[in-house]
Participant: 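My questions all concern the structure below.
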Amino acid sequence: MSSTLDPDVNVGFLIHDVSRMMRAWFDERAQELGLTRAQWRVLVHLAGREGLNQSSLAEILELDTVTLGRHIDRLERDGWLERRSDPTDRRAWCLYLTPASRPTLKKMEAVAFDTITVAMRDVDDEERARFMNTLLQIKSNLTAVEVEA
């Protein structure tokens with residue numbers, strides 16, 4: 001029987017290793033597009049929620065506001081997003097993508113799709129669905145524990 005401390009069969013180590021490998025594969029292919037994975041992550045989450053303020057986006061991304069603020073400063077400087085005054089709170093800024101960011105986001109989406117395609121090669125649809133359901137259940141379990149704490 002394998003030990004739960006064996007990194008080759010420990011679910012935590014395996015998830016970490018697969019995630020690291022997927023990030024590296026993605027980063028290598030996305031480098032030419034001019035965005036880091038962290039910046040892309042900010043833009044992707046913002047794309048479906050334009051008009052969010054920075055603190056709400058930081059909560060969604062599970063980043064502290066200072067770290068997110070640095071990402072936003074760079075993204076704004078490079079023309080990927082813009083800050084607009086929040087009409088309900090004059091101290092806050094709402095975030096919006098710029099038109100220039102949209103074509104690059106489409107290219108990054110294609111890199112992400114290619115990454116997932118490579119990672120899931122030889123995994124049939126049934127196994128893929130079961131795997132996704134398992135990951136969602138694990139996430140749900142851990143979220144429930146966080147809420148209880």
Side-chain angles (χ1 to χ4, degrees), residues 7-143 145-147:
D8 292 330
V9 294
N10 178 288
V11 69
F13 282 113
L14 285 170
I15 288 171
H16 174 79
D17 289 346
V18 168
S19 177
R20 177 186 46 77
M21 293 167 75
M22 288 179 71
R23 287 190 315 266
W25 204 91
F26 177 91
D27 287 348
E28 186 177 316
R29 279 140 193 89
Q31 189 173 17
E32 69 188 47
L33 297 176
L35 283 170
T36 66
R37 183 178 8 89
Q39 291 171 326
W40 181 71
R41 188 169 174 250
V42 169
L43 294 177
V44 165
H45 281 277
L46 183 58
R49 302 170 177 95
E50 286 192 87
L52 273 182
N53 63 35
Q54 286 182 217
S55 61
S56 296
L57 186 58
E59 189 175 310
I60 290 166
L61 294 170
E62 297 180 349
L63 293 173
D64 63 76
T65 53
V66 173
T67 300
L68 179 61
R70 281 191 226 118
H71 287 308
I72 290 170
D73 288 345
R74 282 190 292 272
L75 289 164
E76 184 178 39
R77 180 197 66 213
D78 295 342
W80 299 107
L81 62 75
E82 62 184 13
R83 290 177 169 115
R84 298 181 196 162
S85 297
D86 186 333
T88 62
D89 182 353
R90 62 189 179 133
R91 297 168 296 157
W93 296 97
C94 295
L95 304 170
Y96 296 87
L97 298 178
T98 61
S101 67
R102 295 189 189 280
T104 301
L105 274 174
K106 283 288 188 200
K107 292 175 186 172
M108 294 290 269
E109 185 177 22
V111 172
F113 180 81
D114 290 347
T115 302
I116 293 166
T117 299
V118 167
M120 299 296 274
R121 183 177 41 222
D122 300 328
V123 178
D124 69 39
D125 290 343
E126 186 177 316
E127 288 175 306
R128 189 178 296 214
R130 201 168 37 252
F131 175 69
M132 291 301 296
N133 287 333
T134 300
L135 285 177
L136 289 169
Q137 184 61 57
I138 291 169
K139 182 179 179 180
S140 176
N141 293 345
L142 294 172
T143 300
V145 172
E146 284 179 9
V147 170

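Quick note: numbers below take in every heavy atom, side chains included, and nothing from hydrogens, waters or symmetry partners.
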Participant: What do the steps show when you test R70 against R74 for side chain to side chain contact (heavy atoms under 4.5 Å, CB included), and what is the final call?
Facilitator: CA-CA 6 Å; R70 281 191 226 118; R74 282 190 292 272; 4.2 Å; yes
Participant: Could you tell me which non-hydrogen atom of S56 sits nearest to which non-hydrogen atom of L52, and how far apart they are?
Facilitator: CB-CD2, 3.8 Å
Participant: ring-ring contact (aromatic ring centres under 6.0 Å, His included) with W93: which residues, sequence neighbours excluded?
Facilitator: none
Participant: I'd like to know whether R83 forms a salt bridge (Lys or Arg N to Asp or Glu O under 4.0 Å) with D73, so could you lay out the CA-CA distance, the side-chain angles of the two residues, the decisive distance to 0.1 Å, and finally the verdict.
Facilitator: CA-CA 9 Å; R83 290 177 169 115; D73 288 345; 2.7 Å; yes
Participant: For R29 and V111, work out which heavy atoms get closest and say how close.
Facilitator: CB-CG1, 3.9 Å
Participant: When rounded to the nearest 0.5 angstrom, what is the spacing between CG in L35 and CZ in R41?
Facilitator: 14.5 Å
Participant: Return the CG to CH2 distance between L75 and W40, rounded to the nearest 0.5 Å.
Facilitator: 13.5 Å
Participant: Considering the options L57, V42, L61, which one meets the side chain to side chain contact (heavy atoms under 4.5 Å, CB included) requirement together with H71?
Facilitator: V42
Participant: Counting neighbours of CZ on R20 that are heavy atoms of other residues, nucleotides or ligands and sit closer than 6.0 Å, is the number greater than 12?
Facilitator: yes
Participant: Would a distance-only check, ignoring hydrogens and angles, find a side-chain to backbone donor-acceptor pair under 3.5 Å from S101 to L81?
Facilitator: no
Participant: Quick check for you: to the nearest 0.5 Å, what is the distance between I72 atom CD1 and L46 atom CG?
Facilitator: 8.0 Å
Participant: Ignoring hydrogens and angles, tell me if any N or O in the side chain of S140 forms a donor-acceptor pair with the backbone of L136 under 3.5 Å.
Facilitator: no
Participant: Above 12 or not: heavy atoms from other molecules or residues under 6.0 Å from CD of Q31?
Facilitator: no
Participant: Step by step, work out the side chain to side chain donor-acceptor pair (under 3.5 Å) result for Q137 and N133.
Facilitator: CA-CA 6 Å; Q137 184 61 57; N133 287 333; over 6 Å; no
Participant: Do other residues, nucleotides or ligands put more than 12 heavy atoms under 6.0 Å from the CD atom of E127?
Facilitator: yes
Participant: For A58 versus T65, what's the shortest heavy-atom pair and its separation?
Facilitator: CB-CG2, 4.0 Å
Participant: Which value, rounded to the nearest 0.5 Å, describes the distance between T134 atom OG1 and M132 atom CE?
Facilitator: 10.0 Å
Participant: Flag this pair as yes if the NZ/CZ of R84 is under 6.0 angstrom from the six-membered ring centre of Y96 and inside a 45 degree cone about the axis; otherwise no.
Facilitator: yes
Participant: Do you know which two heavy atoms are closest between N53 and S55, and how far apart they sit?
Facilitator: OD1-OG, 3.1 Å
Participant: Short question: side chain of R128, backbone of M120 - any donor-acceptor pair under 3.5 Å?
Facilitator: yes
Participant: When rounded to the nearest 0.5 angstrom, what is the spacing between CG in L68 and NE2 in H45?
Facilitator: 11.0 Å
Participant: After noting the C-alpha distance and the side-chain angles of I116 and M22, does the key distance pass the side chain to side chain contact (heavy atoms under 4.5 Å, CB included) rule?
Facilitator: CA-CA 8 Å; I116 293 166; M22 288 179 71; 4.1 Å; yes
Participant: List the residues meeting side-chain hydrogen bond (donor to acceptor under 3.5 Å, both in side chains) with E62, not counting sequence neighbours, and say none if there are none.
Facilitator: none
Participant: Are the side chain of S19 and the backbone N or O of I15 linked by a donor-acceptor pair below 3.5 Å?
Facilitator: no
Participant: So which atom in P99 and which in P103 form the shortest heavy-atom distance, rounded to 0.1 Å?
Facilitator: O-CD, 3.5 Å
Participant: Kindly compute the distance separating CD (Q54) from CG (L95), expressed to the nearest 0.5 Å.
Facilitator: 5.0 Å
Participant: Evaluate the side chain to side chain contact (heavy atoms under 4.5 Å, CB included) criterion for residues V123 and F131: first the C-alpha distance (whole Å), next the side-chain angles of each, then the deciding distance (0.1 Å), finally the verdict.
Facilitator: CA-CA 10 Å; V123 178; F131 175 69; 5.8 Å; no
Participant: Please check if the side chain of D78 supplies one atom and the backbone of W80 the other of a donor-acceptor pair under 3.5 Å.
Facilitator: no
Participant: Write down the atom of Q39, the atom of G34, and the distance for their closest heavy-atom approach.
Facilitator: OE1-O, 4.3 Å
